[in-house]
Amino acid sequence: GNRAIQSETLLDFFLEPSGPLGMQQNMIFIESEVKNAVGKIRDYYRGEGFNDVKVENPLLSYSENRSGVTITIQTEEGAKYFINDVVLTGKIIPGLAREIEKIKNDFTGKSYYVRRKLMLRSSLEEVYDTIGYADAESKINTVQLDEPGRINLIADISSGEQVRISEII
């Protein structure tokens with residue numbers, strides 16, 4: 001079922017650099033390692049924006065003398081999610097327009113996975129912090145658009161009060 005991710009890329013999850021100088025050795029079947037690789041494949045897909053990916057448990061077919069095994073892993077990639085737009089609401093400080101526009105541009109068009117919300121929140125709060133808004137917060141929500149795989153990130157910004165140094169002792 002993999003169409004977007006090359007089979008060679010997925011096969012790499014089963015190869016371990018275990019020989020001299022980190023060279024990859026012939027694959028030895030260890031069931032726990034196969035299950036671990038399946039989890040890594042699922043995480044890889046999600047990191048590439050395939051949030052709805054389904055990676056089934058491996059089907060094992062042993063050779064007649066049980067000296068070899070064929071591993072089949074069914075995948076359904078689903079739609080690849082992209083950030084269509086970053087929409088800001090709340091307290092937008094005019095002096096941060098250039099920095100905020102750069103953040104919006106950095107996220108727009110990128111593949112979407114859940115951690116992107118945290119990354120956007122951190123980026124926005126850091127920019128506010130640089131001009132003294134230490135208590136700035138942003139709540140990030142997603143809006144699924146009608147076109148499959150398209151997401152808007154909505155950032156509701158609360159700047160709090162600008163903190164000034166009142167005294168140095």
Worksheet entry | Thr9 (side chain) donor-acceptor with Ile5 (main chain) under 3.5 angstrom | no

Worksheet item: Is the count of non-hydrogen atoms from other residues, nucleotides or ligands lying under 6.0 Å from Asn65 atom CG greater than 12?
Response: yes

Worksheet item: Are Val127 and Met119 joined in one hydrophobic group, where the rule is that I, L, V, M, F, W and Y side chains link up if heavy atoms are under 4.5 Å apart?
Response: yes

Residues 151-168, side-chain donor-acceptor partners within the protein, below 3.5 Å, at least two apart:
residue	atom	partner	partner atom	Å
Asn152	OD1	Asn84	ND2	3.2
Asn152	OD1	Asp85	N	3.1
Asp156	OD1	Thr89	OG1	3.1
Gln162	OE1	Arg164	NH2	3.0
Gln162	NE2	Ile131	O	2.6

Discussion item. Is any side-chain heavy atom of Ile93 closer than 4.5 Å to one of Lys91?
Written reply: yes

Discussion item. Using side chain to side chain contact (heavy atoms under 4.5 Å, CB included), reason through Arg46 and Val53 one step at a time and then give a plain yes or no.
Written reply: CA-CA 7 Å; Arg46 289 184 178 146; Val53 68; 4.1 Å; yes

Worksheet, complete the sentence: Residues pairing under ring pair (Phe, Tyr, Trp, His ring centres under 6.0 Å) where one sits in residues 27-69, two or more places apart or in two chains, turn out to be Phe13-Tyr44, Tyr45-Phe50

Response to the item:
Between the CG atom in Asn57 and the OG1 atom in Thr72, the distance rounded to the nearest 0.5 Å is 13.0 Å

Discussion item. I'd like to know if Phe107 and Ile92 are part of one continuous hydrophobic network [Ile/Leu/Val/Met/Phe/Trp/Tyr, side-chain heavy atoms within less than 4.5 Å].
Written reply: yes

Worksheet item: Between Ser61 and Val69, is any pair of side-chain heavy atoms under 4.5 Å apart?
Response: no

Fill in: Distance (rounded to the nearest 0.5 Å) between Glu77 CD and Lys54 NZ
13.0 Å

Item to complete: Report whether Leu120 and Phe82 are members of the same hydrophobic cluster (ILVMFWY, side-chain heavy atoms less than 4.5 Å apart, transitive linking).
Response: no

Worksheet item: Are Leu60 and Val38 linked, directly or through other ILVMFWY residues, by side chains that come within less than 4.5 angstrom of each other?
Response: yes

Worksheet item: Considering residues, nucleotides and ligands other than Gln144, do more than 12 of their heavy atoms fall under 6.0 Å from its CD?
Response: yes

Fill in: Atom of Val34, atom of Pro58 and distance for their closest heavy-atom approach
CG1-CG, 3.8 Å

Worksheet entry | Verify same cluster id: Val114, Val143 (apolar side-chain graph, 4.5 Å) | no

Item to complete: For side chain to side chain contact (heavy atoms under 4.5 Å, CB included), just list the numbers for Asn36 and Ser32, CA-CA rounded to whole Å, side-chain angles, deciding distance to a tenth of an Å, and then say yes or no.
Response: CA-CA 6 Å; Asn36 188 37; Ser32 62; over 6 Å; no

Practice prompt. Determine whether Ile140 and Ser138 make a side-chain contact, defined as any pair of heavy atoms from C-beta on separated by less than 4.5 Å.
Written response: yes

Worksheet item: Which pairs, with at least one residue in residues 110-120 and sequence neighbours excluded, count as a side-chain hydrogen bond (donor to acceptor under 3.5 Å, both in side chains)?
Response: none

Practice prompt. Report the distance from atom CD1 of Ile103 to atom CZ of Arg98, rounding to the nearest 0.5 Å.
Written response: 12.0 Å

Worksheet item: Are any non-hydrogen side-chain atoms of Leu88 and Lys104 less than 4.5 angstrom apart?
Response: yes

